[in-house]
**Q** 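Before I ask anything, here is the structure I am working with.
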Protein chains: 2
Amino acid sequence: MLKISELAAKTGLTAHTIRFYEKHGLISASERSEAGYRYYNEADIRRAEFVKTARNIGFSLEDISQLLSIRVDKTSHSCQEVTDITQHKLDEVNAKLEELRSMQNTLQILLKSCCGGPENATHCSIMEALEAGDLKKTRSAA
Amino acid sequence: MLKISELAAKTGLTAHTIRFYEKHGLISASERSEAGYRYYNEADIRRAEFVKTARNIGFSLEDISQLLSIRVDKTSHSCQEVTDITQHKLDEVNAKLEELRSMQNTLQILLKSCCGGPENATHCSIMEALEAGDLKKTRSAA
DNA sequence: ATTGACCTTAGAGTCAACTCTAAGCTTATA
DNA sequence: TATAAGCTTAGAGTTGACTCTAAGGTCAAT
């Protein structure tokens, strides 16, 4: 049985984050001491590590919530449900990659066009390009 | 002279966003009607379009703020200042790209490993991989 | 017995960039 | 003249994932 700071050390989460995850139903301590201290057993630890792993991959807390409900009763959930969540995340990642590549491209073009030297910016080609506004849109949402 | 909704139409920003940008010092109306209505002249419009272009490229409002201070007095700023901002943004974008590529890779591996079928998730290889926790970390910050 | 490290809670604060609301003027059109 | 569309402001709400604070209780070691 681990105390919260021990679980924190083990998972690399902070105690604050663990409590935060508990509030959002991702993690819980199956026991409490008389004084109210959280105590985590083996199953709790595995669940916390599952959450950490999923988080590291980039799943949102909402995604992880879904994955956890599958996890607690695998027999009543299908592989398809799991791949759906994963595919959806991949779609998001791909969309973001597309956006970032476009930003990268534009920024590289801007940098190549400018001398970058100590001369004053009166004829800076980056500034001119921003004035001209003929740069393609790279950003969709925040 | 354009009213706020006309500037909105012209730039593709909303009137709300224009006021928000004003509050943050990015845009302003050089005139007001007696009733307090904002009126934008040619220079205001060019500035608003500059902001929009920079925003589309992916610069933060903070970045844009810096670019605008260079813009209003180009002679006392160097090309290097401009490229520094641009390079810094590119560095950010590259870091994020790296992170996302790693996420993409992991997600693709997971998807390839799982049948994705209607069978129950008892032996789902995605779930197993998440349990095992041997997936490399892809995420650094939110 | 006292220190100091650790634990508890509810709730507030942070970040970025909006987005919206309410209450009340103003202006253009029918 | 009445109605609707558009403008004003201050300020609150949104999103996601934390992050921190205050005020206090607990525990191990000296």
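Chain naming here is simple, since letters A, B, ... match the order of the sequence lines and numbering starts at 1 in each.
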**Q** Looking only at heavy atoms, which two atoms of A:Y39 and A:D44 are closest? And how far apart?
**A**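 So the minimum-distance heavy-atom pair works out to O-OD2, 3.8 Å.
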
**Q** Which value, rounded to the nearest 0.5 Å, describes the distance between A:L13 atom CG and A:E49 atom CD?
**A**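 Rounded to the nearest 0.5 Å, the CG-CD separation comes out at 9.5 Å.
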
**Q** Quick check: does any side chain N or O of A:R19 sit under 3.5 Å from a backbone N or O of A:K23, one acting as donor and the other as acceptor?
**A** no

**Q** Check nucleotides 24-30 of chain C against the protein and report each pair of N or O atoms closer than 3.5 Å, with its distance, or say if there are none.
**A**
from, atom 1, to, atom 2, distance (Å)
C:dT26, O4', B:Y37, OH, 3.4

**Q** Identify, residue by residue, the members of residues 84-95 of chain A with a heavy atom below 4.0 Å from DNA chain D, and return them in order of residue number, or none.
**A** none

**Q** Write down the distance between CD (B:E31) and C1' (D:dT8), rounded to a whole number of angstrom.
**A** 17 Å

**Q** Under 3.5 Å between N/O atoms: give me all the protein pairs with nucleotides 13-16 of chain D, atom names plus distance.
**A**
none

**Q** Drop me the distance from A:T83's OG1 to A:L90's CG, to the nearest 0.5 angstrom.
**A** 11.5 Å

**Q** Is any NZ, NE, NH1 or NH2 atom of the basic residue among A:K3 and A:E6 found under 4.0 Å from an Asp or Glu carboxylate oxygen of the other?
**A**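 Judged by the 4.0 Å cut-off on N to carboxylate O distance, A:K3 and A:E6 do not form a salt bridge.
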
**Q** Kindly say if A:R38 contacts the phosphate of D:dT26, meaning a side-chain N or O under 4.0 Å from OP1 or OP2.
**A** no

**Q** Rounded to the nearest angstrom, tell me the gap between atom CZ in A:R32 and atom C1' in C:dC7.
**A**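 Going from A:R32 (CZ) to C:dC7 (C1'), I get 10 Å.
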
**Q** Enumerate donor-acceptor pairs with a distance under 3.5 Å from any side-chain N or O in residues 106-117 of chain B to protein atoms, sequence neighbours excluded.
**A**
from, atom 1, to, atom 2, distance (Å)
B:T106, OG1, B:S102, O, 3.0
B:S113, OG, B:L110, O, 2.7
B:S113, OG, B:S125, OG, 3.1

**Q** Sub-3.5 Å donor-acceptor pair from the side chain of A:D63 to the main-chain atoms of A:S60, do we have one?
**A** yes

**Q** In whole angstroms, how far is the C1' atom of C:dC6 from the OH atom of A:Y40?
**A** 14 Å

**Q** Let me know the distance between NE2 of B:H24 and P of C:dT19, rounded to the nearest Å.
**A** 13 Å

**Q** Between atom CZ in B:F59 and atom C1' in C:dC18, what is the gap in whole Å?
**A** 20 Å

**Q** Judged by atom type as modelled, is there a donor-acceptor pair below 3.5 Å linking the side chain of B:S28 to the main-chain atoms of B:S30?
**A**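 No, B:S28 side chain to B:S30 backbone: no donor-acceptor pair under 3.5 Å.
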
**Q** Report the distance from atom OH of A:Y39 to atom P of C:dC7, rounded to the nearest whole Å.
**A**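 One finds 9 Å between P of C:dC7 and OH of A:Y39, rounded.
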
**Q** If every non-hydrogen atom of B:T14 is compared with every non-hydrogen atom of B:A8, which pair is closest and at what distance?
**A**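 Where B:T14 meets B:A8 most closely, the heavy atoms are C-CB, 4.0 Å.
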
**Q** Quick one: does A:E81's side chain have a donor or acceptor within less than 3.5 Å of a partner on A:S78's backbone?
**A**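 Side chain of A:E81 to backbone of A:S78, a donor-acceptor pair under 3.5 Å: yes, one is there.
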
**Q** Residues of residues 11-21 of chain B with any non-hydrogen atom less than 4.0 angstrom from an atom of DNA chain D: list those, numerically ordered, please.
**A**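 Output list: B:R19.
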
**Q** Quick one: A:I4 CD1 to D:dT26 P, roughly how many Å, whole number?
**A**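 Nearest whole value for this atom pair: 17 Å.
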
**Q** Using the test ring pair (Phe, Tyr, Trp, His ring centres under 6.0 Å), find all partners of A:F20 that sit at least two apart in sequence or belong to another chain.
**A**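 Counting only residues at least two positions away or on another chain, A:F20 forms a ring pair (Phe, Tyr, Trp, His ring centres under 6.0 Å) with A:H24.
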
**Q** Provide the closest heavy-atom pair for B:V82 versus A:C124 in the form atom of the first, atom of the second, distance.
**A** CG1-SG, 3.8 Å

**Q** I need the single residue from B:Q104, B:E98, B:E99 that forms a side-chain hydrogen bond (donor to acceptor under 3.5 Å, both in side chains) with B:R101. Which is it?
**A**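 With B:R101 as partner, side-chain hydrogen bond (donor to acceptor under 3.5 Å, both in side chains) holds for just one option, B:E98.
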
